[in-house]
Amino acid sequence: MKAAPFEYVRPPTVDGAVAALRPGAAVLAGGQSLVPLLNTRARRPEVVVDVSRLPLAGVERDGAALVLGALTRLRAAETSPVVRAALPLLADALTRVGHVSVRNRGTVGGSVAHADPAAELPAVFLASDAVFTARGPAGTRTIDARDFFLGPHRTALAPDELLVAIRVPLPPPTARHGLAELSRRPGDLAVVGVFTSLVVTDGVITDARVAVAGAAPTPIRAHAAESLLRGGTPTPDVLAEAARAAAAETDPADDVHAPAAYRRDMTAVVALRALHRAVTR
Ligand code: FAD
């Protein structure tokens, strides 16, 4: 099948791109999700606004935060020494996104804006309390990750807003991350993925972040699991209890890939693996 006819524009500036956005428009970044949707006519935009050459790519440390331009290619972020040193959870999660060919084209902002509930980066940014910067006709605004993801492929971005940057507060150097996924095949979106970051001080867990992908309409923070972990000791029993709590917090649906009950049960298994990796790192 071929895409339905659409107008194609490639404004040379960010402001020009924002001016071209309106209901019925689609942003084209790396095209890894949009182009298949166009070709299957699942999306029929009136106009495609190509932003891929705008100067919104790059990764930098800004004090105690990591700032990623929305158009940073996934592979560039994955191989960035800055990302690896500052936010290894993100660097590791990036290696799980599709295949290298997908990551060579796909962008960090595209992954966030596409808001697939099973995608890695939305869950990592949720776990990390990231803040997204959007540019619209009225100027720039920021949106906390916890307010950004509204449902499968639905975000707080308005139709005339462009995601321009992602700011991630950095965890302390003593933080240890762990992630685990269950996928049907390597490179597939995960059935369930769990992304954790723990700080253990003198044998006590002083900070815990647990985010789950693939087990609810959006990525979720497993707050009950985090509460169980904080103040506890990282023993196998505590980790297992937290993993069960994370599973209880999910809200999965039946789909062609897995029944809801399976996703929930597997969340406990995958969360335990992720937590174990964090405490043994
Ligand atoms: P595009 O495809 O260009 O756009 C995607 C959507 O986001 C569109 O709706 C577009 O309008 C919107 N958009 C893009 N950029 C912006 C912006 N700056 N502001 C506002 N809206 C914007 N993803 C995973 O997470 N995990 C996987 O395992 C995985 N496996 C994949 C395997 C294959 C074979 C393929 C083709 C894709 C896979 N993906 C996976 C999806 C892929 O990672 C994402 O589609 C990609 O990262 C999206 O980025 P993009 O730049 O290509 O976005």
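Remember, predicted model here, so these are calculated numbers, not experimental data. Keep in mind that the numbers below use all heavy atoms, side chains included, and drop hydrogens, waters and symmetry copies. All ligand and atom numbering here is 1-based and tracks the order in the structure.
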Using a plain distance cutoff, I'd like to know if [X] has any nitrogen or oxygen under 3.5 Å from a nitrogen or oxygen of ligand 1.
X: Gly109; result: no
X: Ala29; result: yes
X: Thr107; result: yes
X: Leu162; result: no
X: Arg43; result: yes

Crowding at CZ, Arg281 (>12 non-hydrogen neighbours, <6.0 Å):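 It does: Arg281 CZ has more than 12 such atoms within range.
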Any Arg103 heavy atom less than 4.0 Å to ligand 1: no
His153 touching ligand 1 at heavy-atom level, < 4.0 angstrom: no
Derivation of the side-chain contact (heavy atoms from CB on, under 4.5 Å) call for Val59 and Val67: CA-CA 6 Å; Val59 175; Val67 181; over 6 Å; no
Summary of salt bridge (charged side-chain N to carboxylate O under 4.0 Å, His left out) pairs that have at least one residue in residues 132-150, sequence neighbours excluded: Asp15-Arg135, Arg141-Glu161, Asp144-Arg146
At a 4.0 Å threshold, what atoms of ligand 1 neighbour a non-hydrogen atom of [X]?
X: Gly187; value: 28 (O), 30 (N), 32 (C)
X: Leu157; value: 20 (C)
X: Gly30; value: 3 (O), 50 (P), 51 (O), 52 (O), 53 (O)
X: Asp188; value: 28 (O)
X: Ala119; value: 25 (O)
X: Arg96; value: 28 (O)
X: Leu163; value: 17 (C), 18 (N), 19 (N), 20 (C)

Please list the nearest protein heavy atom to [atom] with its residue and the distance rounded to 0.1 Å.
atom: atom 45 (O) of ligand 1; value: Ser33 OG, 2.1 Å
atom: atom 52 (O) of ligand 1; value: Gln32 N, 2.8 Å
atom: atom 16 (C) of ligand 1; value: Val27 CG1, 3.6 Å
atom: atom 47 (O) of ligand 1; value: Leu74 CD1, 3.4 Å
atom: atom 53 (O) of ligand 1; value: Gly110 CA, 3.6 Å
atom: atom 38 (C) of ligand 1; value: Val102 CG1, 4.0 Å
atom: atom 26 (N) of ligand 1; value: Glu120 OE1, 2.7 Å
atom: atom 28 (O) of ligand 1; value: Gly98 N, 3.0 Å

Residue pair Asp254, Arg263: steps toward the salt bridge (Lys or Arg N to Asp or Glu O under 4.0 Å) verdict: CA-CA 9 Å; Asp254 291 322; Arg263 283 185 197 266; over 6 Å; no
Residue pair Asp237 / Thr235, side-chain donor-acceptor N/O under 3.5 Å: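 No pair is found: no donor N or O on one side chain lies under 3.5 Å from an acceptor on the other.
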Check: Thr133/Thr142 side-chain N/O donor and acceptor closer than 3.5 Å: no
Cationic N near anionic O, under 4.0 Å, Asp251 to Arg264: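 Not counted as a salt bridge, because no side-chain N and carboxylate O are separated by less than 4.0 Å.
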Basic-acidic side-chain contact under 4.0 Å: Glu226, Arg209: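 Here Glu226 does not pair with Arg209 in a salt bridge, since their nearest N and O are not under 4.0 Å apart.
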Parallel, tilted or perpendicular: rings of Phe125 and Phe132 (30°, 60°):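 Ring orientation of Phe132 relative to Phe125: perpendicular.
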Intermediate values then yes/no, salt bridge (Lys or Arg N to Asp or Glu O under 4.0 Å), Glu241 and Arg244: CA-CA 5 Å; Glu241 194 185 357; Arg244 284 192 296 272; 5.8 Å; no
Beyond-backbone contact of Phe195 with Glu120, side-chain heavy atoms, under 4.5 angstrom: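 Of all side-chain heavy-atom pairs linking Glu120 with Phe195, at least one is under 4.5 Å.
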Audit row: Arg221, Asp129, salt bridge (Lys or Arg N to Asp or Glu O under 4.0 Å) steps and yes/no: CA-CA 10 Å; Arg221 276 289 280 273; Asp129 291 331; 3.0 Å; yes
With sequence neighbours excluded, residues passing side chain to side chain contact (heavy atoms under 4.5 Å, CB included) with Ala225: Ala222, Ala242, Ala245, Ala246, Glu249
